[in-house]
Protein chains: 2
Amino acid sequence: MPRPSSPILSPEIIGEAGLALSRAGEPFGVNAIARHLGVRPSSLYNHVGGMDGIVELMRARLLVAYPVELPRERWDDYVVTMLRAQREMYAEHPRLVPLLVGTTTSSPPVIDAYDDLATILATAGFPEGEILSIIAVLDAFAIGFGLDLAAPDDIWQPQEETRTLGRLLESSERGRARADLTFEIGISVLIDAFRMRLAATKKKGAQASAAAVDR
Amino acid sequence: MPRPSSPILSPEIIGEAGLALSRAGEPFGVNAIARHLGVRPSSLYNHVGGMDGIVELMRARLLVAYPVELPRERWDDYVVTMLRAQREMYAEHPRLVPLLVGTTTSSPPVIDAYDDLATILATAGFPEGEILSIIAVLDAFAIGFGLDLAAPDDIWQPQEETRTLGRLLESSERGRARADLTFEIGISVLIDAFRMRLAATKKKGAQASAAAVDR
DNA sequence: ACCTGAACACCGTTCAAGT
DNA sequence: ACCTGAACACCGTTCAAGT
């Protein structure tokens with residue numbers, strides 16, 4: 001059957017299959033996806049432009065698959081909610097992360113999501129010249145914490161005597177509890193610091209306005 | 001020439017070749033390394049246990065290749081110096097990062113480095129139950145900013161009108177300058193927040209001691 | 001002890017052939 | 001328009017053969 005009466009493939013089907021395999025911790029390359037869909041690898045090339053195109057499809061579908069209802073009243077609620085969702089997302093797809101970071105994207109849902117965040121931060125009063133950097137900081141955190149959550153329990157296995165590390169490894173929380181503690185510390189640290197930064201910016205702005213009125 | 005009079009391979013040579021290829025942005029797999037060393041892929045298996053072993057060798061050599069003189073007087077100087085060095089390290093080996101994160105290690109130089117950090121933080125007065133999480137936060141940070149530094153200039157390419165993102169992309173710094181601004185914001189945010197956290201911990205400790213004396 | 005050569009089971013990608 | 005089958009240039013890994 002060289003050609004079915006109705007197409008059995010589509011970019012959506014391919015992207016979804018890739019995500020399903022990734023979520024299951026299995027390989028999600030061209031061959032693996034084709035096998036999973038009961039089709040030959042070369043068939044995929046009628047719908048997508050190779051592995052890069054598949055990754056881009058997965059990235060876009062990943063965003064719509066995590067339809068967090070983001071609170072728009074306060075920037076800090078927005079950021080915290082977003083970070084929590086992204087952390088889960090990255091943790092569920094750890095092997096996809098390296099393919100996502102550091103690659104250019106122009107897919108509309110992704111651009112829209114970042115445009116939303118940029119707008120919220122600008123409205124909140126963060127200096128425009130810093131906003132892209134703040135977004136990069138948030139991205140770095142989400143990725144880092146997602147990977148931390150996905151990491152195995154025993155990242156370090158000391159063979160010899162240690163001064164501190166071995167003791168801490170024995171006495172500390174493990175697994176999900178440790179990862180969650182890490183995330184809570186990280187997120188409170190981050191939000192506190194950004195709040196301080198915003199307050200300082202506003203104060204400077206107010207001083208500048210007052211000085212202008214004085215003259 | 002099936003066997004040379006003196007060995008032409010060793011774990012050190014193999015690890016170093018892998019790092020050199022990675023730093024050059026070239027593939028650094030078993031085949032690529034063998035080609036680079038003028039040897040057959042199967043030869044490597046006399047010295048290392050496959051690709052995983054090579055990655056572990058690269059990890060260990062990466063640490064000794066960045067012999068930062070870490071200031072031990074103040075925990076914050078130590079952390080800042082370490083983060084700067086690690087960021088450069090990750091930025092120079094972006095494709096190695098996904099192979100390093102989330103994998104167990106027991107190689108002594110790596111363990112030693114983390115034991116050092118843990119000891120400094122414990123001595124500084126951070127609560128023992130939080131130190132592993134703080135280290136994870138620092139790791140997440142270094143990785144995130146290293147990848148940010150290695151990322152292409154145009155991560156987003158909006159095709160349609162945006163509310164804020166497009167404007168910021170046009171007006172903001174680019175390339176190295178933008179990445180450095182991101183890092184400086186991130187690092188000041190992080191250190192400030194940890195300082196506050198440490199101060200709060202010490203205050204609580206002092207109150208507890210005072211209360212104990214009262215009784 | 002250490003490098004080779006052949007073999008195996010994988011990749012991603014191209015393209016003419018079939019309907 | 002869309003799936004196939006064969007082909008290509010890659011992977012990582014094993015193992016008997018050679019010195």
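Below, chains carry the letters A, B, ... as their sequence lines are ordered, and counting in each starts from 1.
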Starting at [atom1] of [X] and ending at [atom2] of [N], how long is that distance when rounded to a whole Å?
{"X": "N31(B)", "N": "dG12(C)", "atom1": "CG", "atom2": "C1'", "answer": "15 Å"}
{"X": "Y45(B)", "N": "dA16(D)", "atom1": "OH", "atom2": "P", "answer": "16 Å"}
{"X": "M51(B)", "N": "dT14(D)", "atom1": "CE", "atom2": "P", "answer": "14 Å"}
{"X": "R35(B)", "N": "dC10(D)", "atom1": "CZ", "atom2": "C1'", "answer": "9 Å"}
{"X": "I33(B)", "N": "dT13(D)", "atom1": "CD1", "atom2": "P", "answer": "11 Å"}
{"X": "L37(A)", "N": "dT4(D)", "atom1": "CG", "atom2": "P", "answer": "11 Å"}
{"X": "D52(B)", "N": "dT14(D)", "atom1": "CG", "atom2": "P", "answer": "11 Å"}
{"X": "N46(A)", "N": "dC15(C)", "atom1": "CG", "atom2": "P", "answer": "13 Å"}

I want to verify a distance call: between [options], whose nearest atom is closest to the [X] side chain?
{"X": "I8(B)", "options": "dC3(C), dG12(C), dT13(D)", "answer": "dC3(C)"}
{"X": "S42(B)", "options": "dG12(C), dT4(C), dT4(D)", "answer": "dT4(C)"}
{"X": "V30(B)", "options": "dG12(D), dT4(D), dT14(D)", "answer": "dG12(D)"}
{"X": "V39(A)", "options": "dC11(C), dC2(C), dC3(D)", "answer": "dC3(D)"}

Exercise for review: Name the residue closer to the 5' end of DNA chain C, choosing between P41(A) and L44(B) according to the nucleotide with the nearest heavy atom.
Suggested key: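 Result of the comparison: L44(B).
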Below 4.0 Å: OP1/OP2 of [N] and any side-chain N or O of [X]:
{"X": "S43(A)", "N": "dC2(D)", "result": "no"}
{"X": "R40(B)", "N": "dG5(C)", "result": "yes"}
{"X": "H47(B)", "N": "dC3(C)", "result": "yes"}

**Study point:** Bracket notation of DNA chain D in which parentheses pair within the strand, [ ] cross earlier pairs, and | pairs with another strand (Watson-Crick or G-U, under 3.5 Å)
**Key:** ||.|||||...|||||.||
Review point. Looking only at heavy atoms, what is the nearest atom pair of F126(A) and F194(A), with distance?
Key: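 Between these two residues, the closest heavy atoms are CE2-O, 3.7 Å.
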Review point. Which pair of heavy atoms, one from E56(A) and one from S106(A), lies closest together, and at what distance?
Key: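 Minimum heavy-atom contact is OE2-N, 4.3 Å.
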Practice item. Rounded to the nearest 0.5 Å, what's the gap from CD1 on I187(B) to CG on L83(B)? Could you check? Key: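 So the CD1 of I187(B) and the CG of L83(B) are separated by 5.0 Å.
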Using modelled atom types and a 3.5 Å cut-off, is there a donor and acceptor pairing between side-chain atoms of [X] and backbone atoms of [Y]?
{"X": "D115(A)", "Y": "T162(B)", "answer": "no"}
{"X": "T123(A)", "Y": "T119(A)", "answer": "yes"}
{"X": "R59(A)", "Y": "I54(A)", "answer": "no"}

Review point. How about F145(A) and Y90(A): are their ring centres within less than 6.0 Å of each other?
Key: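 Judged by ring-centre distance (under 6.0 Å), F145(A) and Y90(A) do not meet the cut-off.
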